[in-house]
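The structure appears below as structure tokens.
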Amino acid sequence: MRAETIYAVATGAGRAAITVVRISGPDARALIRLLAGSVPEPRRADLVALRHPSTQEVLDRCLVLFFESPRSETGEDCVELQLHGGRAVVAAILDVLSALPNVRLAEPGEFARRAFLNGKLDLAQIEGLADLVDAETQWQRRQAQRQLSGAMRDATAPWRAALLQASAQVETAIDFAEDVDLEGKLHDQLVVLLKPVLKGLRHELGQAKAAERIRDGVQVVIAGPPNAGKSSLLNALVRREAAIVSTIAGTTRDPIEVHLDLGGCPITLVDTAGLRESVDTIERIGIERARTRAADADLVLWLSEDGTLPDEKLGGTVWPVLTKADLRAPAERPAGVFALSVATGENLPELIGRLAEFSRGIVHSGAAGLLARSRHQQAFQAAEAALSRVVSRPAAPVELIAEDLRAARFALERLIGTVDVEDILGDIFSRFCIGK
């Protein structure tokens with residue numbers, strides 16, 4: 001079945017100076033010839049008049065770029081129309097495109113999907129592209145750029161090659177034992193091949209939390225009893241009225257989540273319900289959710305008017321913060337406790353500085369980490385577990401070793417979307433002259 005040609009607006013919606021419309025597919029070349037009268041030289045911008053196919057009315061004078069397959073982002077013939085950004089101009093071009101046969105509006109992510117199917121991007125690069133679009137901080141941008149540049153593929157390539165070699169040796173021991181004498185040397189050879197792979201996997205797993213926090217943000221939960229100033233602190237940190245502030249206890253029910261950029265480091269700040277005993281069913285649900293968020297947090301700011309620590313264990317690191325410090329004389333404040341006043345701004349800059357320092361301490365190694373998503377971490381964990389079994393069990397049946405090697409290799413291949421069971425056989429015949 002012949003593939004359809006797709007099109008979509010690649011820039012933001014609304015009135016703008018320039019709007020880019022992208023076209024990709026087998027009819028892209030014919031389509032631009034129909035609209036512009038000719039096809040520009042590949043990879044060179046031409047200023048042309050786009051005309052309506054039926055009336056020959058000029059729809060716009062714009063820059064047109066043509067990218068010939070396979071040297072394009074999707075691997076297909078591609079066209080970019082850099083139109084004037086008026087709504088009427090863009091609508092006129094889209095109306096013409098929609099009326100042409102075998103041409104349709106692209107589905108979400110379809111350009112990237114075609115790039116993957118045509119071997120222009122792997123799965124990890126696709127995820128990096130999505131993260132780059134969503135990046136809000138400089139650290140997130142750097143991490144996404146690394147993924148988009150193929151860091152996952154490049155880092156795992158030597159590991160996958162070692163696993164292929166190990167699998168080839170094991171498959172040879174199974175299928176060609178009468179021709180190849182391995183005796184007791186097989187396990188020693190596998191250990192030599194697999195130890196560097198295990199070291200690399202464990203190193204990345206050790207950085208998984210840092211890399212994930214760059215993408216999702218360091219989790220900071222504001223907790224404490226009712227009316228301790230939690231919502232006031234949230235609003236002061238984000239500099240807007242993100243949470244309702246009231247003297248009525250129990251105003252906050254559901255956790256309120258906002259995102260901050262502190263020196264390029266992402267922070268997810270969560271305001272929670274005041275912790276207390278309550279007979280209100282809805283408030284009790286909010287309190288339970290507050291405890292759950294605090295248990296999963298990297299840092300809990302425990303706010304109170306006396307500066308004491310909470311009676312219950314909340315998980316992660318807990319900083320006691322004495323609030324409403326403007327209502328206490330310095331001599332009345334507990335020694336060694338961080339005092340804060342949102343009303344006067346006392347020590348608020350110092351708290352922001354401490355939060356930034358704490359966050360950098362968590363993610364300092366994450367810039368070099370590969371495992372930005374739980375999918376990455378799960379794949380590395382599966383590969384590490386399988387290879388640990390191979391290395392630690394020298395007397396295991398060769399068939400079980402082969403299966404563990406397959407599991408590890410498939411886990412890594414799934415990361416980039418290139419699983420192929422036939423390449424083991426190819427590796428065997430490239431290393432042994434076995435005429436069978």
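Side chains of Leu163 and Leu193 form no contact here, defined as non-hydrogen atoms less than 4.5 Å apart. A 4.5 Å side-chain heavy-atom check between Leu405 and Leu387 finds at least one atom pair inside the cut-off. Residues Leu50 and Val64 are in side-chain contact: their nearest non-hydrogen atoms beyond the backbone lie under 4.5 Å apart. Side-chain contact between Val48 and Leu35: absent, with no pair of heavy atoms (C-beta onward) separated by less than 4.5 Å. In this structure, the side chains of Ile267 and His259 stay at 4.5 Å or more apart for every pair of heavy atoms. Leu97 has its side chain within reach of Val21: a pair of non-hydrogen atoms, C-beta onward, lies under 4.5 Å apart. For the pair Leu237/Leu348, a side-chain contact is recorded, criterion being any heavy-atom separation below 4.5 Å from C-beta on. By the 4.5 Å heavy-atom criterion applied to side chains, Leu81 and Ile32 are counted as neighbours.
Between the side chain of Arg43 and the backbone N or O of Arg71 there is at least one donor-acceptor pair closer than 3.5 Å. With hydrogens and angles disregarded, a donor-acceptor distance shorter than 3.5 Å links the side chain of Thr5 to the backbone of Asp27. Using a distance-only test at 3.5 Å, with no hydrogens or angles considered, a donor-acceptor pair links the side chain of Asn118 to the main chain of Thr74. Ser72 contributes no side-chain N or O that, together with a main-chain N or O of Ser69, makes up a donor-acceptor pair within less than 3.5 Å. The backbone N or O of Gln169 lies less than 3.5 Å from no partner atom in the side chain of Glu171, so there is not a single donor-acceptor pair. Side chain of Glu413 to backbone of Arg409: no donor-acceptor contact under 3.5 angstrom is found. The backbone N or O of Ala112 sits nowhere less than 3.5 Å from a side-chain atom of Lys120 that would complete a donor-acceptor pair. For the pair Thr268 (side chain) and Val218 (backbone), a donor-acceptor distance under 3.5 Å is absent. At distances below 3.5 Å, not a single donor-acceptor pair connects side-chain atoms of Asp261 with backbone N or O atoms of Thr137. The closest donor-acceptor contact from the side chain of Asp60 to the backbone of His84 lies under 3.5 Å.
None of Glu73, Glu4, Glu76 except one satisfies the side-chain hydrogen bond (donor to acceptor under 3.5 Å, both in side chains) rule with Ser24; the exception is Glu76.
Across all their heavy atoms, Asp404 and Arg389 have their closest contact at OD1-NH2, 2.9 Å. The shortest non-hydrogen separation linking Arg44 to Pro40 is O-CB, 4.0 Å. The nearest pair of heavy atoms linking Asn102 to Ala3 is ND2-O, 3.4 Å. Residues Gly128 and Ala144 come closest through the heavy atom pair O-CB, 3.6 Å. For the pair Gly25 and Arg114, the tightest heavy-atom approach, listed with the atom from each and the gap, is CA-NH1, 4.1 Å. Shortest non-hydrogen contact noted between Thr323 and Ala228 is OG1-O, 2.7 Å.
Between the CD atom of Glu80 and the CD1 atom of Ile23 there is a distance of 10.0 Å, given to the nearest 0.5 Å. Going from atom OG1 of Thr272 over to atom CD of Glu288 covers 12.0 Å, rounded to the nearest 0.5 Å. For the atom pair CD (Glu110) and CG (Leu105), the distance works out to 9.0 Å, reported to the nearest 0.5 Å. Summarising the geometry, atom CG belonging to Leu355 is positioned 5.5 Å from atom CG belonging to Leu301; distances are rounded to the nearest 0.5 Å. Distance check: Leu233 CG to Leu303 CG gives 5.5 Å after rounding to the nearest 0.5 Å. Considering CD of Gln125 and CZ of Arg153, their distance stands at 4.5 Å, rounded to 0.5 Å.
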**Message:** side-chain contact (heavy atoms from CB on, under 4.5 Å), that's the test. Do Leu31 and Leu34 meet it? Break it down for me.
**Reply:** CA-CA 5 Å; Leu31 191 152; Leu34 178 67; 5.6 Å; no
**Message:** With salt bridge (charged side-chain N to carboxylate O under 4.0 Å, His left out) as the criterion, how do Glu403 and Arg406 come out once you've worked through the C-alpha distance, each side chain's angles and the decisive distance to 0.1 Å?
**Reply:** CA-CA 5 Å; Glu403 186 55 38; Arg406 289 191 193 100; 3.4 Å; yes
**Asked** What's the verdict on side-chain contact (heavy atoms from CB on, under 4.5 Å) for Leu65 and Gln82, showing C-alpha distance, side-chain angles and the deciding distance?
**Response** CA-CA 8 Å; Leu65 292 107; Gln82 298 186 11; 3.3 Å; yes
**Request:** Carefully, step by step, assess Glu384 and Leu205 under the rule side-chain contact (heavy atoms from CB on, under 4.5 Å).
**Result:** CA-CA 9 Å; Glu384 192 276 337; Leu205 285 169; 4.1 Å; yes
**Message:** Working note: Leu371 + Gln207, criterion side-chain contact (heavy atoms from CB on, under 4.5 Å); need CA distance, chi angles, decisive distance, verdict.
**Reply:** CA-CA 8 Å; Leu371 311 185; Gln207 297 191 94; over 6 Å; no
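Remark: Arg354 fails to qualify as a cation-pi partner of Phe338 under the 6.0 Å distance and 45° angle criteria applied to the six-membered ring.
Around atom CD of Glu357, no more than 12 heavy atoms belonging to other residues, nucleotides or ligands sit under 6.0 Å away. The neighbour count for Arg202 CZ, taken as heavy atoms of other residues, nucleotides or ligands under 6.0 Å away, is above 12. Around CZ of Arg375, the count of heavy atoms belonging to other residues, nucleotides or ligands within 6.0 Å exceeds 12.
With sequence neighbours excluded, the residues that form a side chain to side chain donor-acceptor pair (under 3.5 Å) with Arg141 are Gln138. A search for ring-ring contact (aromatic ring centres under 6.0 Å, His included) contacts involving Phe380 returns Trp159, not counting sequence neighbours.
Judged purely by distance below 3.5 Å, without hydrogens or angles, the side chains of Ser149 and Gln145 never pair a donor atom with an acceptor atom.
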Please tabulate, for side-chain N and O atoms in residues 6-18, each donor-acceptor pair with protein atoms closer than 3.5 Å (sequence neighbours left out).
residue, atom, partner, partner atom, Å
Thr11, OG1, Val20, N, 3.1

